[in-house]
Amino acid sequence: MSRRFRAPLALLVAGLVLAGATHTRTSPADAPSPGEVAYGTLHAVLLSPRCRNCHPQGDAPLHGDDGAPHSMNVSRASPPAGLPCTTCHRTQNGKIPGSPPGVPNWHMPPKDMPLVFEGKRPRELCEQLKDPTRNGGRVGDAVIEHLRHDPLVLWAWAPGPGRAPPPVSHAAVVKAAQTWVEAGMPCPP
């Protein structure tokens, strides 16, 4: 799919996600708030392979655009018992399609930060995102700063050959996060 159509498609998906999550709304006064619409954009991105693969259900990362189980049979437990992620994942992407992606300090979220994106409904994921006990201790502006500056997050928009970036631009995601946080981090019903 061309880049020209990715952002509108992602916004359509985000709107459909919110529409499905808010099917009990019966009047224009019950329409999603700007904060809920902004969260819909975040949700669409967080369920993309670039985010979901490192935030899966369980302890084993996924890989590829199809979210296949990691081919090296690694898990969050691998570093103490085996090889760390950085054994294969270097500080930059490989140049050959299918080679390990890279960014400094490649890793999954730690076990004590059980933020799972895979398979989460909009409200479930929203509640996790705003819960500092499940999101790495981030509240409000810290969520925005994480999306704006974390090297692993930024990698998603430059994932190397053979991998699709998230369906919305990085700038649009940061703007959506700002809108969501400024609105009080509302979750869809």
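Position 1 is the first residue of the sequence, and the numbers go up from there. In this text, all values refer to a predicted model and were calculated from it rather than measured experimentally.
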[X]: partners by side-chain hydrogen bond (donor to acceptor under 3.5 Å, both in side chains), with sequence neighbours left out:
X	result
R50	D65
H146	R138
D150	none
D141	none

Counting only heavy atoms not in Q92, do more than 12 sit closer than 6.0 Å to its CD atom?
->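 12 or below, so no.
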What are the two closest heavy atoms between G94 and P161, and how far apart are they?
->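 So the minimum-distance heavy-atom pair works out to O-CD, 3.5 Å.
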Can any side-chain N or O of Q128 pair as donor or acceptor with the backbone N or O of V116 at less than 3.5 Å?
->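 At least one qualifying donor-acceptor pair exists.
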Quick check: does any side chain N or O of R90 sit under 3.5 Å from a backbone N or O of T87, one acting as donor and the other as acceptor?
->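 Yes; at least one donor-acceptor contact below 3.5 Å.
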Same cluster for F117 and M108 if Ile/Leu/Val/Met/Phe/Trp/Tyr side chains link at under 4.5 Å?
->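 Looking at the clustering, M108 is in a separate group from F117.
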Would you mind reporting whether L147 and L42 have side-chain heavy atoms less than 4.5 Å apart?
->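 L42 vs L147: side chains touch.
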Report yes if some heavy atom in the side chain of C126 is under 4.5 Å from a heavy atom in the side chain of P188; otherwise report no.
->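 Sidechains of P188 and C126: in contact.
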How would you list all residue pairs meeting salt bridge (charged side-chain N to carboxylate O under 4.0 Å, His left out) that involve residues 152-176, not counting sequence neighbours?
->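 Not a single pair qualifies under salt bridge (charged side-chain N to carboxylate O under 4.0 Å, His left out).
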Under the side-chain contact (heavy atoms from CB on, under 4.5 Å) rule, collect the residues that match up with [X], sequence neighbours excluded.
X	value
E145	R148, H149
M185	K130, V143, W180, V181
P104	T91
P110	D112, M113

Under 4.5 Å side-chain linkage, directly or through intermediates, the cluster mates of L152 =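 V103, W106, W155, which link up through side-chain heavy atoms under 4.5 Å apart, make up the rest of the cluster.
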Linking Ile, Leu, Val, Met, Phe, Trp and Tyr through side-chain heavy atoms less than 4.5 Å apart, which residues share a cluster with V74?
->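 When side chains under 4.5 Å apart are linked, the cluster holding V74 also contains M72.
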What side-chain donor-acceptor pairs closer than 3.5 Å can you find for residues 54-63, not counting sequence neighbours?
{"unit_1": "H55", "atom_1": "ND1", "unit_2": "L115", "atom_2": "O", "d": "2.9"}
{"unit_1": "Q57", "atom_1": "NE2", "unit_2": "E118", "atom_2": "O", "d": "3.0"}
{"unit_1": "D59", "atom_1": "OD1", "unit_2": "R76", "atom_2": "NE", "d": "3.1"}
{"unit_1": "D59", "atom_1": "OD1", "unit_2": "K111", "atom_2": "NZ", "d": "3.3"}
{"unit_1": "D59", "atom_1": "OD2", "unit_2": "K111", "atom_2": "NZ", "d": "2.8"}
{"unit_1": "H63", "atom_1": "NE2", "unit_2": "P69", "atom_2": "O", "d": "3.3"}
{"unit_1": "H63", "atom_1": "NE2", "unit_2": "S71", "atom_2": "N", "d": "3.4"}

Approximate separation, where rounding is to 0.5 Å, of R123 CZ and H43 NE2 =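 Reported value, rounded in 0.5 Å steps: 12.5 Å.
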Measuring from R52:CZ to K120:NZ, what's the distance to the nearest 0.5 Å?
->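 R52 atom CZ to K120 atom NZ measures 14.5 Å (nearest 0.5 Å).
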